[in-house]
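Each remark here refers to the structure printed beneath this line.
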Amino acid sequence: MKPIPVAEAVAMIPDGAVLLVGGFMGVGTPERIVDEIVRQGKHELTVIANDTAKPGTGIAKLISAKLVRTAIVSHIGLNPETQQQMHAGVLTVELVPQGTLIERIRAGGFGLGGVLTPTGVGTVVEEGKRKIDVDGQDFLLETPLKGDFALVHAFLADYIGNLSYALTARNFNPLVAMAAATVIAGAEHIVPVGLIAPDHVVTPAPLVDYLVANE
Amino acid sequence: MKPIPVAEAVAMIPDGAVLLVGGFMGVGTPERIVDEIVRQGKHELTVIANDTAKPGTGIAKLISAKLVRTAIVSHIGLNPETQQQMHAGVLTVELVPQGTLIERIRAGGFGLGGVLTPTGVGTVVEEGKRKIDVDGQDFLLETPLKGDFALVHAFLADYIGNLSYALTARNFNPLVAMAAATVIAGAEHIVPVGLIAPDHVVTPAPLVDYLVANE
Amino acid sequence: MDAQTLIARRIARELRTGMLVNLGIGIPTLVANYVPANIDVFFQSENGLIGTGPIPEAGMAHPTLTDAGGRPVTALPGACTFDSAISFGLIRGGHVDMTVLGGLQVDQRGLLANWMIPGKMVPGMGGAMDLATGAKRVVVAMQHVAKGKSKIVKQCSLPLTSVRPVDLVVTELAVIAFSEGRATLSERAPGISIEEISEATEAELIIPQRVPEMIL
Amino acid sequence: MDAQTLIARRIARELRTGMLVNLGIGIPTLVANYVPANIDVFFQSENGLIGTGPIPEAGMAHPTLTDAGGRPVTALPGACTFDSAISFGLIRGGHVDMTVLGGLQVDQRGLLANWMIPGKMVPGMGGAMDLATGAKRVVVAMQHVAKGKSKIVKQCSLPLTSVRPVDLVVTELAVIAFSEGRATLSERAPGISIEEISEATEAELIIPQRVPEMIL
């Protein structure tokens, strides 16, 4: 798989696309892909990610450029712009408990019909959701999340698309790579095939559709 | 965590215990722990595992010694003794599709109320189970599986209990290590703390209760 | 060419570069021997490996590099390993582009029975139900007739593997494609007539005006 | 000793060797500074790390080794990293032995509200709901009174974090234990009387005959 220029990768994303984005408070988010989305001005995006980061980093750049119509996230507390746009009614924010969010993405990627979680039972999170009793305990049925594109940031990629991650930059990345129709990955280093030991590959090559070149 | 003799580890397992056992056709099953269970003659066991292996390897040794009362597995085709004991009525076999089995174990370990899977819908597997409609598609509600003990085989362990696995010997091991009250692990090599890179640890140390010494 | 070789060779022509492919045991396994030149596919072994290579030379195996039957395999450069939950996430989640499964019966809507014969041996379904339900494309490799009886039936008498229809059945006589609940004869084996196929088939087949011979 | 230090020091005494512990932001984070000598615990950072160490010295951080707020941390020997699904599997599955969370209100049954104030800032619940629901033991670190109002209330007026009751609340005045839907005053802060605590507490407290002073 020959890496492609970031502009070419991002050109495939239409306005209105649903993006699954790796990263946790900006750590492990593919910054160059995000920057190029801002440069190309993709509009009306839905972003599914852990959080909207802090101003100036990761997903916050998409928020600041007013490209996001809907954010499905667990946390917006470190990004006042997200709050402002939410209160102004230009951005819809769906808050999801973090453990539920990652399981919903996993369910989307793993072909499951949903997640039965105790988290949120008896709180405002349960509004509008089905409760399922299993052996006398109530669980919320949380539905799968999928995306049109996953934007993934790896530490190492090889030239067929195997990915491995560095430390806490792993976070949502391996899960979003399973849950999108098209996976675009960036990596700190792109290495020849065979240099990542089979046991150290976290995202198998067949999941990755496009690798962004390090120019 | 000082590794303990295998006899001491196995002595903790009572007759009638529910064992989650790693391995796939005997590959990645902790053979020394299994041998010791046979030597100590633990009876009336419930074994939850991918399969009952081939005679002479892994879980098949427990079957041959007639220590297993119930096996919850996806495959018994390579072990004629399992079939014989099943037909003779001394062994109850619950057959579960492999992808459902591993998700049920995961649900047990991950605090989920169950799994919604399309696998088995409209087949004999759906008998006695709830069907849940999510967005117009039927899924089976498959319930979590947990064990009293997990028997895990790693490639590397460090002296606080971090584990990594080798190639296809990984299989069910990381999942069963999440789903049991007590986790007993064996490893090809036990190495000083810090020698397994944080990104290469697959089972975090706090999950492992006992490490079996390599005598 | 014997029946198994013919079936495996014909199925190998369904492979496209970049596909993630899972081969069941039996005839399906043989497909790996006939991958066309210039086609690069990933073979998944559901015990936790992508990039499965050929059987190792004597003395060059490792006990932790095995196929789903526990037999030694090799791994190609770029291979990767993973746990069983991920392996079946790949399968159930539609990331496996094509699976090739053995079959006991396929009915005329494409429903497959391949995992048990009541009253006889019950090996367990292993990964078959997940593969038949979740893979993007399901191809069945089987003999057309067993013990004088057609295996392409009006309705399966054996327990189903999945209610999701298969896409293609390849036998030593024919290629049959399934879509919208109907079976269409799409190719004949070399030297086999439409009449011979019809006679060997219990299911109702749609027979187009032109039914080309398989290219192998 | 200021209130925050007192609370953090008292909670640190709940730690036992081998525990897997998750600390929320705010006062809970301070608990790591007061781990008793001879006690070895694992600290989890829910963004994917077990074995979190202190803040790195200037010039010795790495951008991919961070806490749940995205700030640089260190990793102790034997640390390990993992994805967010595993991180919350550890939390929801009861593998986290103890979590320390901040609180806005705790009611007399032990129900916690700590994630939003309607009409004011809505930061999102992050991992708080999973931690409050799934951790084996939930300890709340908070001031006893805010703006003249008790935070230990008869019933929470703020949105709940979980319907699973917390186990322990530690404030600058008291330690309150919850079990079977009732709140028991179990310790007083040094120099604080039972009357002072009762006066600062809206919830009904069970007050045992002897209420010892906290050991810090």
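Being a predicted model, the structure only gives us computed values, none of them experimental. Just the heavy atoms: all of them, side chains too, but no hydrogens, waters or symmetry mates, feed the values below.
Shown here is A:K42, whose NZ atom has more than 12 heavy atoms of other residues, nucleotides or ligands within 6.0 Å. In the displayed structure, C:D2 atom CG is contacted under 6.0 Å by more than 12 heavy atoms of other residues, nucleotides or ligands. The number of heavy atoms from other shown groups lying within 6.0 Å of CD (C:E213) is above 12. Heavy atoms of other residues, nucleotides or ligands lying less than 6.0 angstrom from CG of C:L216 number more than 12. Counting non-hydrogen atoms of neighbouring residues, nucleotides and ligands closer than 6.0 angstrom, the CZ atom of C:R182 reaches no more than 12 such neighbours. Within a 6.0 Å radius of CD in C:E204, no more than 12 heavy atoms belonging to other residues, nucleotides or ligands are found. Remark: C:I206 CD1 is packed, more than 12 non-hydrogen atoms of other residues, nucleotides or ligands lying under 6.0 Å away.
Residue C:L90 touches chain A through both its backbone and its side chain, counting heavy-atom pairs closer than 4.5 Å. Heavy atoms of A:D199 lying under 4.5 Å from chain C belong to its backbone as well as its side chain.
Here the straight-line distance linking atom CG of A:L207 with atom CZ of C:F42 works out to 9.5 Å at 0.5 Å rounding.
Partners of C:H62 according to the ring pair (Phe, Tyr, Trp, His ring centres under 6.0 Å) rule, which considers only residues two or more places apart in sequence or in another chain, do not exist here.
Below 4.5 Å, heavy atoms of chain C meet heavy atoms from A:R106, A:G109, A:F110, all part of residues 100-110 of chain A.
The choice from C:C80, C:P77, C:A75 that makes the most heavy-atom pairs within less than 4.5 Å of chain A is C:C80.
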